[in-house]
Visitor: 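Structure in structure tokens, see below.
A, B, ... follow the sequence lines: proteins, then strands. Residue 1 opens every chain.
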Number of protein chains: 2
Amino acid sequence: MQEHEKVFQDYLATKGLKLTRTRALILNTVFDMHEHFDVEALYDKIKTLTDSISRATVYRCIPLLKDANLIQQSMRTSSRDSFEHIFGHPRHIHWICSKCGTIVETDYEELTPILNRSAKRIKFAMGELKLNIYGLCWKCQSSENENQ
Amino acid sequence: MQEHEKVFQDYLATKGLKLTRTRALILNTVFDMHEHFDVEALYDKIKTLTDSISRATVYRCIPLLKDANLIQQSMRTSSRDSFEHIFGHPRHIHWICSKCGTIVETDYEELTPILNRSAKRIKFAMGELKLNIYGLCWKCQSSENENQ
DNA sequence: TCTTCTATTGAGAATGAGTCTCATTGTATT
DNA sequence: AATACAATGAGACTCATTCTCAATAGAAGA
Ligand SMILES: [Mn+2]
Ligand SMILES: [Mn+2]
Ligand SMILES: [Zn+2]
Ligand SMILES: [Zn+2]
């Protein structure tokens with residue numbers, strides 16, 4: 001049994017729920033996707049593995065994975081919520097190119113102490129943290145110049 | 001003519017569009033709202049000022065105001081996009097209480113040099129920047145303890 | 001002033017991501 | 001096996017947002 005399966009099972013147990021075959025399939029597919037994904041893409045991928053899966057079941061599993069700290073909702077791409085697995089990965093900043101959609105990730109390291117200080121000042125108990133920066137990646141900057 | 005009207009008019013002119021009476025009404029209502037708002041709330045407020053306004057027109061105006069840098073989409077509250085006017089206000093960090101919905105705002109000042117350095121390192125041309133931190137406000141932290 | 005042309009608008013239909021219902025199935029317990 | 005209840009699939013449903021289209025406004029010209 002893989003580490004993330006154990007984590008999910010433990011979380012589900014605290015809610016009186018079980019790690020069923022279907023939930024395990026969804027979980028493992030999530031950890032096989034190494035990009036950000038939306039629920040539709042996840043559903044499509046699972047459909048290639050089994051023919052009996054309902055979109056509703058996939059949607060129902062998402063909040064469970066989220067509460068178990070196995071995935072996070074990271075951004076919103078063309079009207080769909082976009083997720084990624086975070087178990088075993090540190091959370092990170094997303095630099096999103098508004099032109100080509102490329103996403104670059106950097107870590108929070110330098111920001112953390114500053115944010116902790118701010119949190120303390122305003123007496124805020126930090127939970128989820130989401131920093132998305134939109135702009136142009138280096139490729140799209142150069143192609144902008146070409147077009148001039 | 002107010003400053004933000006001038007800005008909007010100038011922006012619209014670059015697109016071959018005009019600052020119509022309806023657009024001016026929407027713009028001014030936006031600048032009369034001093035909280036974060038969703039389109040439905042904006043529409044409701046405008047309806048108290050005139051009876052002939054279409055939801056579609058309000059929705060159509062939003063991307064114009066956004067591209068003119070007069071408003072920004074800040075967060076998403078119960079399935080609706082939430083906006084705020086930013087002309088004349090610096091962009092800021094949002095600390096969002098997951099329990100009561102209270103939003104505290106702090107500035108980016110200390111973060112800016114760090115982010116600029118990161119942007120330079122990855123050759124990214126920063127545009128819009130969105131930092132939302134979810135957690136518990138001080139009030140909800142104490143009420144959590146009460147309930148134990 | 002009267003026409004012409006185009007952008008703008010209102011009303012409501014359409015879209016689509018996400019949620020909900022309910023009949024059926026799986027599984028643990030007695 | 002019988003009971004009890006969680007879990008699932010199928011598809012209906014919701015509701016924020018977008019789209020369509022006919023009617024209107026308003027600028028520019030005759
Ligand atoms: Mn990521
Ligand atoms: Mn704000
Ligand atoms: Zn790019
Ligand atoms: Zn609170």
Side-chain angles (χ1 to χ4, degrees), chain A residues 5 8-30 36-68 71-83, chain B residues 5 8-30 36-68 71-83:
Chain A
E5 280 183 322
F8 198 26
Q9 190 174 51
D10 288 351
Y11 166 78
L12 289 168
T14 68
K15 298 284 170 184
L17 305 175
K18 299 193 195 73
L19 180 55
T20 60
R21 192 176 318 162
T22 310
R23 287 190 179 130
L25 176 62
I26 296 170
L27 171 69
N28 287 317
T29 309
V30 161
H36 303 92
F37 62 89
D38 59 38
V39 179
E40 195 62 23
L42 175 59
Y43 174 61
D44 285 346
K45 180 108 183 260
I46 297 172
K47 263 197 305 189
T48 67
L49 305 172
T50 180
D51 46 346
S52 76
I53 183 77
S54 165
R55 210 184 306 263
T57 304
V58 181
Y59 271 105
R60 278 188 284 240
C61 198
I62 293 288
L64 297 175
L65 292 167
K66 204 160 161 270
D67 291 347
I71 66 171
Q72 72 174 355
Q73 192 273 355
S74 295
M75 63 207 79
R76 176 156 255 263
T77 310
S78 57
S79 83
R80 290 180 186 167
D81 274 344
S82 203
F83 300 85
Chain B
E5 280 182 322
F8 198 26
Q9 190 173 51
D10 288 351
Y11 166 78
L12 290 168
T14 68
K15 298 283 170 187
L17 305 174
K18 299 192 195 74
L19 180 56
T20 60
R21 193 178 316 163
T22 310
R23 287 189 180 131
L25 177 61
I26 296 170
L27 171 69
N28 287 318
T29 310
V30 160
H36 303 92
F37 62 89
D38 59 37
V39 179
E40 195 62 23
L42 176 58
Y43 172 63
D44 285 346
K45 180 108 183 261
I46 297 172
K47 263 197 306 189
T48 66
L49 305 172
T50 178
D51 47 348
S52 75
I53 183 76
S54 165
R55 211 186 305 263
T57 304
V58 181
Y59 271 104
R60 280 189 283 240
C61 199
I62 294 289
L64 298 175
L65 292 166
K66 206 161 158 270
D67 291 346
I71 67 171
Q72 73 175 354
Q73 192 272 354
S74 295
M75 64 208 77
R76 176 158 254 264
T77 311
S78 55
S79 81
R80 290 180 186 168
D81 274 343
S82 202
F83 300 85

Visitor: In whole angstrom, what separates B:Phe83's CZ from D:dT17's P?
Guide: 7 Å
Visitor: Record whether the side chain of B:Arg55 comes under 3.5 Å of the base of C:dG12 through a donor-acceptor pair of N or O atoms.
Guide: no
Visitor: Is there a donor and acceptor pair closer than 3.5 Å between the side chain of A:Arg60 and the base of C:dT21?
Guide: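 It does, because a donor-acceptor pair links the side chain of A:Arg60 to the base of C:dT21 below 3.5 Å.
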Visitor: What's the shortest heavy-atom distance between B:Asp81 and B:Asp38, and which atoms?
Guide: O-CB, 3.3 Å
Visitor: Without decimals, in angstroms, what is the distance between A:Ile53 CD1 and D:dA7 P?
Guide: 14 Å
Visitor: In whole Å, I'd like the distance from the OH atom of A:Tyr43 to the C1' atom of C:dT19.
Guide: 15 Å
Visitor: Round to a whole Å and report the spacing from NZ of B:Lys18 to C1' of C:dC5.
Guide: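 It is 11 Å, rounded to the nearest whole Å.
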Visitor: Using whole Å, report how far CZ of A:Arg76 lies from C1' of D:dT17.
Guide: 10 Å
Visitor: Might you point out which heavy atoms bring A:Ile46 and A:Ile53 nearest each other, and give the distance in Å?
Guide: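 Taking every non-hydrogen atom into account, CG2-CG1, 3.9 Å.
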Visitor: With a sphere of 6.0 Å drawn around NZ of B:Lys45, does it hold more than 12 non-hydrogen atoms of other residues, nucleotides or ligands?
Guide: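 Buried by this count: over 12 neighbours within 6.0 Å.
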Visitor: Respond yes when some side-chain nitrogen or oxygen of B:Thr20 is under 4.0 Å from OP1 or OP2 of C:dT8, and no when none is.
Guide: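 Negative; the distance criterion is not met.
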Visitor: Is any side-chain N or O of B:Thr57 closer than 4.0 Å to OP1 or OP2 of C:dG10?
Guide: yes
Visitor: What I want to check is whether an N or O donor and acceptor connect the side chain of A:Ser54 with the base of D:dA10 at under 3.5 Å.
Guide: yes
Visitor: Measure from CZ on B:Arg80 to P on D:dT14 and round the result to the nearest Å.
Guide: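 Nearest whole value for this atom pair: 16 Å.
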Visitor: Could you check how far CZ of A:Arg23 sits from P of D:dG9, rounded to whole Å?
Guide: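 Rounded to the whole Å, the gap is 11 Å.
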Visitor: A:Ile26 has an atom CD1; how far is it from atom C1' of D:dT8, in whole Å?
Guide: 10 Å
Visitor: Would you mind classifying the nucleic acid contact of A:Asp81 as base, sugar-phosphate or nothing, using non-hydrogen atoms under 4.0 angstrom?
Guide: sugar-phosphate
Visitor: Determine yes or no for a side-chain-to-main-chain donor-acceptor pair under 3.5 angstrom, with B:Gln9 supplying the side chain and B:Tyr11 the backbone.
Guide: no
Visitor: Please give me the minimum heavy-atom distance between A:Leu12 and A:Arg23, naming the atom from each residue.
Guide: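 Reported closest heavy-atom pair: CD1-CD, 4.2 Å.
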Visitor: Nearest to the side chain of B:Ala56 - D:dT8, C:dT27, C:dA11?
Guide: C:dA11
Visitor: For B:Gly16 and B:Asp51, take the nucleotide of DNA chain C holding the closest heavy atom to each; which residue's nucleotide lies nearer the 5' end?
Guide: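 It is B:Gly16, whose closest nucleotide lies nearer the 5' terminus.
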Visitor: Counting just side-chain N and O atoms, does A:Tyr59 come under 4.0 Å of either OP1 or OP2 of C:dG18?
Guide: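 It does, given that an N or O in the side chain of A:Tyr59 lies less than 4.0 Å from OP1 or OP2 of C:dG18.
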Visitor: Which comes earlier along DNA chain D counting from the 5' end, the contact point of A:Thr22 or that of B:Glu40, where each point is its nearest nucleotide?
Guide: A:Thr22
